[in-house]
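Here the structure is laid out as structure tokens; the discussion comes afterwards.
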Amino acid sequence: MKKYQIIYKDLEKAIHSQKYQVGDFLPTEQELVRTYQVSRDTIRKALTLLVEEGLVKKIHGSGSQVINQEQINFPVSDLTSYQELMEQQGIDSQTNVISLDKIIVDSKLSEKTGFSSSQQVWRVIRQRVVEGCASVVDIDYLDAKLIPQLNRDIAEHSIYDYLENHLNLSISHAFKEITIDNATEQDKILIDLGKDQHIVCIRSKVYLNNGKQFQFTESRHKLEKFKFVDYAKRHH
């Protein structure tokens with residue numbers, strides 16, 4: 001085992017044993033250099049492994065901070081917006097709008113989303129940073145006829161809040177499909193995957209009370225960050 005791997009294992013053990021607890025900062029790179037008698041490059045390789053494993057996050061000017069390892073409960077059967085879910089569970093999160101544009105649905109996209117060919121839709125790509133870790137990429141397609149105006153500020157906060165409280169649309173239900181997919185190049189850029197080559201993908205067609213589909217969402221999740229839960233009741 002190489003020196004940086006030994007140091008990584010040593011720090012990993014210290015975190016799991018709670019020598020360093022959630023919110024604590026690891027010793028500085030210079031302190032670790034002195035402790036382990038190795039080069040700064042070796043220390044940085046060890047710290048990079050800790051980041052990739054989701055054990056710490058790098059904060060510019062402050063160092064490496066231990067982050068929460070508990071998985072977030074993601075209720076599969078609920079029709080809850082990301083913002084509502086984070087607020088309900090008191091989780092620190094940030095949304096970055098990567099792109100927002102209006103496109104025409106072609107035959108391939110129609111087959112995927114359920115929207116008609118030649119229909120005009122908004123396409124919104126958002127990165128969700130959960131407790132300092134880029135954990136989700138949401139790709140939304142929304143009926144531009146029902147939602148004539150959409151901007152980055154709305155997309156950054158809550159599209160559902162805007163639809164329900166400003167456009168007075170009544171969101172009813174969704175059909176969801178959950179798969180484990182290979183990570184795409186976009187996933188590798190926008191999600192802190194570490195060594196993972198797969199993501200959990202939830203595809204949803206979402207409908208209004210009148211039965212009209214207004215949204216298709218492809219929500220791509222970092223594997224170990226979420227625990228997908230449901231409530232099941234046996235019918236008699």
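None of these values were measured; they are calculated from a predicted model.
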Is the closest basic N to carboxylate O distance between Asp192 and Lys222 below 4.0 Å?
no
Salt-bridge test for Lys112 and Glu177: reply yes if a basic N is under 4.0 Å from a carboxylate O, no otherwise.
no
Asn151 and Leu100: side chain to side chain contact (heavy atoms under 4.5 Å, CB included), yes or no, with the steps?
CA-CA 8 Å; Asn151 58 45; Leu100 188 159; 5.5 Å; no
Just by distance, do the side chain of [X] and the backbone of [Y] share a donor-acceptor pair under 3.5 Å?
X: Gln37; Y: Arg34; result: yes
X: Gln119; Y: Ser110; result: no
X: Gln127; Y: Leu190; result: yes
X: Asp187; Y: Thr184; result: yes
X: Gln65; Y: Gly23; result: yes

Please tell me if the side chains of Phe115 and Leu109 come closer than 4.5 Å, counting only heavy atoms from C-beta onward.
no
Measure the spacing between [atom1] of [X] and [atom2] of [Y] and express it to the nearest 0.5 Å.
X: Arg40; Y: Leu47; atom1: CZ; atom2: CG; value: 10.5 Å
X: Gln149; Y: His166; atom1: CD; atom2: NE2; value: 13.5 Å
X: Leu169; Y: Ile147; atom1: CG; atom2: CD1; value: 6.5 Å
X: Asp10; Y: Thr35; atom1: CG; atom2: OG1; value: 10.0 Å
X: Tyr8; Y: Lys45; atom1: OH; atom2: NZ; value: 16.0 Å

How far apart are the C-alpha atoms of Arg123 and Thr113, what are their side-chain angles, what is the distance that settles it, and do they pass the side chain to side chain contact (heavy atoms under 4.5 Å, CB included) test?
CA-CA 11 Å; Arg123 177 177 57 191; Thr113 63; over 6 Å; no
Can you see which heavy atom on Trp122 is nearest to which on Pro148, and at what distance?
CZ2-O, 3.4 Å
In short, Ser17 meets Ala14 closest at the heavy-atom pair OG-O, 3.1 Å
Step-by-step side chain to side chain contact (heavy atoms under 4.5 Å, CB included) determination, Leu146 to Lys212
CA-CA 10 Å; Leu146 285 169; Lys212 183 172 179 60; 3.9 Å; yes
Would the number of heavy atoms belonging to other residues, nucleotides or ligands and lying under 6.0 Å from CD of Glu111 be above 12?
no
Please say yes or no: joined through hydrophobic side-chain contacts below 4.5 Å, possibly via intermediate residues, are [X] and [Y] part of one cluster?
X: Val200; Y: Ile139; result: no
X: Tyr162; Y: Phe214; result: yes
X: Leu150; Y: Val206; result: yes
X: Val97; Y: Ile125; result: no
X: Leu49; Y: Tyr20; result: yes

Matching residue for Asp138 among Arg128, Arg126, His221, Arg220 - test: side chain to side chain donor-acceptor pair (under 3.5 Å)
Arg128
Would you call the rings of His173 and Tyr207 parallel, tilted or perpendicular, where under 30° means parallel and over 60° means perpendicular?
parallel
Of Leu50, Leu26, Leu55, Leu11, the residue whose pairing with Val66 passes side chain to side chain contact (heavy atoms under 4.5 Å, CB included)
Leu26
Going through the checks in order, is the side chain to side chain contact (heavy atoms under 4.5 Å, CB included) test met by Asp196 and Ile191?
CA-CA 10 Å; Asp196 287 341; Ile191 302 175; over 6 Å; no
